[in-house]
Amino acid sequence: MTQPASLPHHIAIVMDGNGRWATQRYLPRVAGHKQGVESLRRCVRASVERGIAVLTVFAFSSENWNRPAEEVSGLMELLAVALGREVPQLQADGVRLHFVGDRTRLSRKVSAGLAQAELATAHNGRLTLNVCFNYGGRWDIAQAAARLAAQGRPITESSLDRAMSMAHVPDPDLLIRTGGEQRISNFLLWQAAYSELYFSERLWPDFDEAALDGAIAAFGRRERRFGATSGPVETQQLPQVA
Ligand code: IPE
Ligand code: IPE
Ligand code: MG
């Protein structure tokens, strides 16, 4: 397949709208999360086919503990089940899994499952899939700073960048949020400094290949300037001061 020159190297997604998807169907919210896993599987496959190198998804935020206990335990269970079920297909597709987030609050069973899945896929190189789980952008900045301070090292932009939990990949080029909300909700606060933002009204379980292609096409029409000017830098005519 020929690739457009402007294909994003790294796509990040806030997979939002599972609860509303379920509620619209008079189903429990956890049914929406289950459907969300299906949507993620489809999106991973589509990303591999399109030649995306890195996909980062927000699966559970530091603040999602504030949801009803039943929903939180449903999400934990779903993660454990998905880990057991999805690894063979990820292997076949050449996907390398990384879990990003604070693991200290996760059960031993879930933590062990994460470590195992990472190890099993460590040699894959077609797509890096970062699953942000019990992750928050503020947590990441704070843990990176605390680690540097504990080592007595200076805190600079580049040392912090390297101590951050996403240091193994370049910053996201395109950040998509599904579900209609236009906010970051504590996702990649540091890394999204120059990401192109794309908000979709689609609920995450309905976000299909065509919707992904729509986001990639929109990215292709953006002009990224990174704080500079567009085109060649022109010599500015300064006003004459008397
Ligand atoms: C996103 O869907 C998934 C998680 C936060 C775990 P939501 O559960 O937030 O769905 P809505 O926003 O309530 O529809
Ligand atoms: C962001 O969605 C977190 C995930 C998708 C995992 P939320 O539904 O938690 O965000 P808010 O509450 O609408 O800001
Ligand atoms: Mg939500």
Side-chain angles (χ1 to χ4, degrees), residues 10-44 47 54-83 85-86 97-107 110-111 113-114 117 129-143 164-166 169 172 174-192 195-208 211-212 215:
H10 179 177
I11 298 181
I13 309 182
V14 180
M15 308 184 291
D16 194 28
N18 296 348
R20 278 164 285 166
W21 184 93
T23 304
Q24 284 172 1
R25 288 161 179 77
Y26 306 100
L27 294 169
R29 291 178 59 87
V30 173
H33 297 313
K34 254 190 205 152
Q35 201 56 39
V37 176
E38 300 302 317
S39 192
L40 176 57
R41 184 188 296 134
R42 181 171 58 195
C43 186
V44 170
S47 300
V54 185
L55 180 66
T56 300
V57 295
F58 204 5
F60 190 89
S61 78
S62 315
E63 291 73 31
N64 287 149
W65 294 103
N66 297 324
R67 295 187 176 203
E70 190 186 287
E71 184 172 348
V72 171
S73 61
L75 283 162
M76 296 295 155
E77 186 59 32
L78 208 56
L79 174 65
V81 170
L83 280 173
R85 213 180 45 191
E86 304 296 333
L97 259 180
H98 278 274
F99 287 91
V100 177
D102 182 1
R103 300 187 192 199
T104 56
R105 212 176 149 182
L106 304 180
S107 74
V110 168
S111 284
L114 301 185
L129 174 61
N130 300 306
V131 177
C132 296
F133 199 93
N134 195 18
Y135 169 88
R138 289 177 175 176
W139 162 81
D140 199 8
I141 294 167
Q143 70 79 24
M164 216 82 76
S165 63
M166 291 282 288
V169 286
L174 170 62
L175 193 158
I176 299 170
R177 181 172 184 144
T178 65
E181 312 291 0
Q182 303 197 356
R183 54 180 173 250
I184 297 291
S185 299
N186 202 13
F187 198 32
L188 308 172
L189 297 182
W190 176 274
Q191 296 83 355
S195 302
E196 293 298 324
L197 307 182
Y198 181 88
F199 298 103
S200 167
E201 289 298 320
R202 292 263 187 126
L203 303 176
W204 173 248
D206 295 327
F207 194 81
D208 58 10
L212 179 68

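For this chain, numbers begin at 1 and follow the sequence in order. Whatever order the structure lists them in is the order used to number ligands and atoms, beginning at 1.
Using bins of under 30°, 30° to 60° and over 60° for the plane-to-plane angle, the ring pair Phe60/Phe133 lands in the parallel bin.
Looking only at heavy atoms of the protein, atom 14 (O) of ligand 2 is closest to Ser185 OG, 2.6 Å. Residue, atom and distance of the protein heavy atom nearest to atom 1 (C) of ligand 2 are Val14 CG1, 3.9 Å. With respect to atom 6 (C) of ligand 1, the closest heavy atom belonging to the protein is Ala59 O, 3.3 Å. Counting only heavy atoms of the protein, atom 13 (O) of ligand 1 lies nearest to Arg29 NH2, 2.9 Å. Considering only non-hydrogen protein atoms, atom 9 (O) of ligand 2 sits nearest to Asn64 ND2, 3.0 Å. Looking only at heavy atoms of the protein, atom 7 (P) of ligand 2 is closest to Arg67 NH2, 3.8 Å.
Those atoms of ligand 2 that come under 4.0 Å of a heavy atom in Phe60, given as number and element, are 6 (C). Interface of Met15 with ligand 1, defined as ligand atoms under 4.0 Å from a residue heavy atom, comprises 1 (C), 2 (O), 3 (C). Close approach of ligand 2 to Asp16 (heavy-atom distance below 4.0 Å) involves ligand atoms 2 (O), 8 (O).
Within 6.0 Å of atom CD in Glu70, 12 or fewer heavy atoms from other residues, nucleotides or ligands are found, so the atom counts as exposed in its surroundings. For CZ of Arg138, the number of neighbouring non-hydrogen atoms (other residues, nucleotides, ligands) closer than 6.0 Å is 12 at most.
Under a 4.0 angstrom heavy-atom cut-off, Gly17 registers as being in contact with ligand 1. Using 4.0 Å as the threshold, His33 has no heavy atom nearer than that to any atom of ligand 2.
Under the 4.5 Å side-chain criterion, counting only non-hydrogen atoms from C-beta, Asn64 is not in contact with Val72. Between Val131 and Phe99 there is a side-chain heavy-atom pair separated by less than 4.5 Å. By the 4.5 Å heavy-atom criterion applied to side chains, Asp140 and Gln191 are counted as neighbours. Side-chain contact between Arg85 and Val37 is present, with at least one heavy-atom pair separated by less than 4.5 Å. When side chains are defined from C-beta on, Thr56 does not count as touching Val100, because their heavy atoms never get closer than 4.5 Å.
Between the CG atom in Leu55 and the CG atom in Leu174 there is a gap of 10.0 Å [rounded to 0.5 Å]. Interatomic distance, CE of Met76 versus CD of Glu71, reported as 10.5 Å (0.5 Å rounding). Summarising the geometry, atom CG belonging to Leu212 is positioned 9.5 Å from atom OH belonging to Tyr198; distances are rounded to the nearest 0.5 Å.
Among the atoms of Arg20, some N or O lies under 3.5 angstrom from an N or O of ligand 1. Checking only distances, Gly19 does come within under 3.5 Å of ligand 1, N or O to N or O.
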Practice problem: Any chance you could lay out the side chain to side chain donor-acceptor pair (under 3.5 Å) test for Glu63 and Asn186, step after step, and finish with the verdict? | Solution: CA-CA 9 Å; Glu63 291 73 31; Asn186 202 13; 3.2 Å; yes
Quiz item: Could you walk me through whether Asn130 and His98 pass the side chain to side chain donor-acceptor pair (under 3.5 Å) check?
Solution: CA-CA 5 Å; Asn130 300 306; His98 278 274; 4.7 Å; no
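Across the listed options Arg183, Glu181, Glu63, Arg177, Arg177 owns the non-hydrogen atom lying nearest to atom 10 (O) of ligand 2.
Shown are the protein N/O/S atoms under 2.8 Å from the Mg ion (ligand 3), given by residue and atom: Asp16 OD1.
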